Amino acid sequence: MDKTYDPKLHEEKIYTLWEKGGYFTPKIDKNKKPFTIIMPPPNANDPLHIGHARFVAVEDVLIRYHRMKGDSTLWLPGADHAGIETQFVFEKRLKEDGKSRFDFDQNTLYQMIWKYVQENKKTMEGQLRILGASCDWTRGKFTLDPDIVKIVYKTFKKLYDNGLVYKGNKLVNYCTYCGTAYSELEVDRVEKNIPLYYVKYSNADGEFITVATTRPETIFADTHLAVNPKDKKRGKLIGTKVLNPLTNEEMEIIGDEFVDPEFGTGIVKLTPAHDFNDFEAAQKHDLPFIVAINQDGKITTIGKKYAGLTVKKAREEVVKDLQEKGSIEKIDENYKTVVGVCYRCKNTIEPMLSTQWFLKVEPLVKTAREAVISGKIKFAAQRFEKTYLHWLDILRDWNISRQIVWGIRMPVWYCSACSQTIVTDGEKPEFCSNCQSADLEQESYTFDTWFSSGQWPFATLQTTQPGDFEYFYPTSVMETAYDILPFWVMRMIMLGLYATGEVPFKEVLIHGLVRDKQGQKISKSKGNVIDPIVMAEKYGSDALRMGIVWGALVENDISLSEDNIRAQRNFANKIWNVARYITTQSIEPRAKSIEKSKDTSKQDDAWIKEELGKTIERTTVLLEDYRLNEAAEEIYDFVWHKLADVYLEKTKDRQSEAQPTLLFALQESLKLLHPFMPFVTETIWQTLKETKGVEGFFEEEALIVAKWPEVV
RNA sequence: GGACAAGUAGCUCAGUUGGUCAGAGCAUUCGGCUUACAUCCGAAAGGUCACAGGUUCGAGCCCUGUCUUGUCCACCA
């Protein structure tokens with residue numbers, strides 16, 4: 001054994017040993033308990049980042065622990081095509097080459113992205129191996145695998161047939177830069193300083209009222225104003241008419257309680273096609289929906305002289321014109337308001353009237369709520385239960401269609417002859433079910449990525465091996481970051497329950513974010529990125545993983561510093577040297593040894609065994625409780641400060657006699673530490689197996705499948 | 001405007017139902033190249049556990065209020 005442990009010499013070999021040994025692939029055994037984690041499939045558009053390393057660290061600990069406990073343990077890996085995310089990344093690359101997505105047709109673009117994603121997927125899987133993920137590659141799935149897609153289609157058809165999916169022309173959150181509609185979850189709210197314009201609206205008699213608005217550029221499309229009917233001052237305006245300051249068309253003032261008399265001037269201009277409040281009010285009062293802004297973010301032809309201008313430009317022009325007419329009473333330049341921006345490109349989201357596919361969430365929300373309240377699904381950290389229920393409360397019908405290329409195209413066909421809509425489970429119908437025409441065209445929209453990944457737990461297990469679904473579903477733990485709780489966890493629960501009648505997982509373990517040394521969020525722009533692969537190469541995967549787990553409770557954010565990782569590298573070296581000492585030192589009594597009393601020796605032996613027992617007991621309890629950081633500290637403390645610092649030192653002059661105890665303590669320590677630091681522990685195990693003089697120890701063929709220690 | 005966290009040694013964090021709970025790692029100081037490891041060993045220093053009340057025989061741990069920080073939610077033009 002070398003003087004220091006060098007991860008580079010061992011990690012790759014050890015991983016190959018595991019993978020070739022088939023240890024990651026569980027056998028379905030009715031006499032054993034299954035333990036299943038479906039890996040949150042990393043996006044196949046970028047290399048892994050430090051956040052991925054955290055889920056690997058946490059999930060692999062659980063997986064290896066359960067495997068050693070003897071459960072039929074499945075960790076199912078995957079890759080996510082990550083719809084808009086990937087297209088966004090890919091378009092950036094196109095832009096670097098001076099191209100855009102509009103230079104290609106739908107199929108060509110799809111093929112190009114496909115190729116790009118396949119390469120990334122390979123990289124990503126290689127990185128998971130570097131990190132030591134003991135997942136079952138024979139069951140690996142990709143979200144665009146044909147059999148997965150088939151299941152997504154099936155679920156969609158079922159939802160459609162049950163009346164839970166509908167196509168509707170509604171107000172949606174539309175990003176004119178990404179060129180697609182989103183659900184409300186993809187909209188970020190940011191506070192912006194936007195001027196509030198006070199615009200005068202005159203009536204035929206020359207009297208005027210003032211309306212406050214942040215969006216003067218849509219004034220030409222407005223047909224109504226609104227006040228609160230309970231508003232004593234302005235209620236009497238209801239039914240009266242004023243003139244549109246831009247078009248001079250008559251506008252009626254209606255009454256609706258959504259208007260806050262205290263805000264602005266207590267009078268609101270209604271733009272039903274571009275504002276959620278106004279949309280609702282317009283539906284109630286049967287008002288017209290006039291589209292003022294196109295999906296390309298420019299003013300429509302209705303805007304006449306403003307037509308074709310961007311929203312920003314149009315606003316300037318309109319304000320200028322209104323000012324010339326003397327219609328602007330004042331401008332509050334310091335007004336701050338919250339506007340929706342695209343979570344991806346950060347540009348302003350335009351509420352737009354658009355025909356999209358929606359999922360009725362109400363019945364799904366009901367069962368999803370029930371599953372958690374009844375305890376069928378538990379959150380390891382209870383506080384997230386509240387967050388989850390809150391999300392369910394505010395959920396609206398889910399827009400599941402996206403106007404992007406990269407994704408699963410919706411299995412919907414339109415008849416060119418009679419415009420019949422036909423939904424299938426994937427196959428193109430031969431004829432129109434209504435008029436028998438064969439002239440059918442497929443919907444160009446793709447599914448929201450989360451619609452398919454929401455089906456991931458059952459879709460994967462239904463397409464891996466026969467019997468998998470029956471045996472491994474519902475899965476044991478869903479371990480993922482808190483920022484995708486509403487996007488993913490909530491949807492998996494809703495869709496899992498709908499499609500299978502069972503919960504997709506019994507427990508949700510939420511982990512926090514990885515931050516930098518100062519607790520700052522990690523981002524490329526801040527330049528504080530920690531590359532997990534670089535860290536693994538520098539200090540070893542074990543050190544990285546232990547460093548991550550060590551930091552804080554799983555559910556809390558951790559501040560990761562290189563110091564932290566280095567400390568764990570040192571620890572890996574420590575246990576390596578303990579093994580080195582025990583097996584390579586002369587076990588003959590030292591010349592200068594002092595005779596110790598039998599009693600003292602016995603006491604020392606009993607002490608280390610007792611400490612070991614306590615460590616095993618505590619570690620096991622802590623692991624069951626997902627308190628990985630404490631479990632890690634427990635083992636660290638035993639190995640370093642009890643076994644090495646104390647017992648090993650105390651027995652130096654009687655090593656021969658203490659050898660069985662030393663070997664036993666080392667063996668059990670390796671087992672305890674293995675889930676956290678799999679490479680160094682397995683390396684030692686494999687080395688010691690070959691070593692003479694350790695008969696009766698390290699007998700299992702590999703540590704990864706050695707039996708978890710029990711207290712004797 | 002709500003919700004949820006967190007405020008404990010210089011730094012990053014543990015402290016599970018109130019009674020060796022005042023801890024760990026890193027950093028610091030002092031002394032050691034002791035034949036497993038200098039990626040090391042030995043020793044030390046360092047906190048009125050945000051603040052103010054309260055419950056209790058006893059409170060970082062429970063209750064009330066305040067302050068600070070962070071995150072999330074929210075259709076007020």
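Keep in mind the model is a prediction, meaning the values are calculated, not measured. We name chains A, B, ... by the order of the sequence lines, and we start the count at 1 in each one.
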query = Between A:T271 and A:K269, is any side-chain donor less than 3.5 angstrom from a side-chain acceptor?
reply = yes

remark   = Between A:L622 and A:A631 the two heavy atoms that sit nearest each other are CD1-N, 3.7 Å

ask   = Any donor-acceptor pair under 3.5 Å between the side chain of A:R569 and the base of B:rU39?
value = yes

remark   = Between A:I394 and A:S559, the residue closer to the 5' end of RNA chain B by nearest nucleotide is A:S559

task = Determine whether the side chains of A:S656 and A:Q659 contain a donor N or O and an acceptor N or O closer than 3.5 Å.
result = no

task = Rounded to the nearest angstrom, tell me the gap between atom CG in A:D188 and atom P in B:rC73.
result = 7 Å

ask   = In Å, rounded to the nearest 0.5 Å, how long is the span from CE of A:M490 to OH of A:Y388?
value = 8.0 Å

inquiry  = Quick check for you: to the nearest 0.5 Å, what is the distance between A:E634 atom CD and A:R627 atom CZ?
reply    = 12.0 Å

Report all interatomic pairs (protein N or O, nucleotide N or O of nucleotides 69-71 of chain B) with separations under 3.5 Å.
none

key: Base of B:rA36 paired with side chain of A:E649 (donor-acceptor, under 3.5 Å)   = yes

query = How does RNA chain B look in dot-bracket form if you count Watson-Crick and G-U pairs under 3.5 Å, write [ ] for pairs that cross, and put | where a base pairs with another strand?
reply = ((((((((.[[[[.).......]]]].(((((.......))))).....(((((.......))))))))))))....

request  = Remember a base hit wins even if backbone is also touched, and classify A:T4 as base, sugar-phosphate or nothing at under 4.0 Å, heavy atoms.
outcome  = base

remark   = Output for pair (A:T210 OG1, A:Y201 OH), nearest 0.5 Å, gives 10.5 Å

request  = For A:Y626, report the nucleic acid contact type (base, sugar-phosphate, nothing); a contact means any heavy atom under 4.0 Å.
outcome  = nothing

query = Does A:K574 get its side chain close enough to the base of B:rC37, under 3.5 Å, for a donor-acceptor pair?
reply = yes

key: Residue pair A:E350 / A:H274, side-chain donor-acceptor N/O under 3.5 Å   = no

request  = May I ask you to decide if the ring planes of A:W685 and A:F698 are parallel, tilted or perpendicular, using 30° and 60° as cut-offs?
outcome  = perpendicular

Contact under 4.0 Å: A:K652 side-chain N or O vs B:rA36 OP1/OP2 = yes

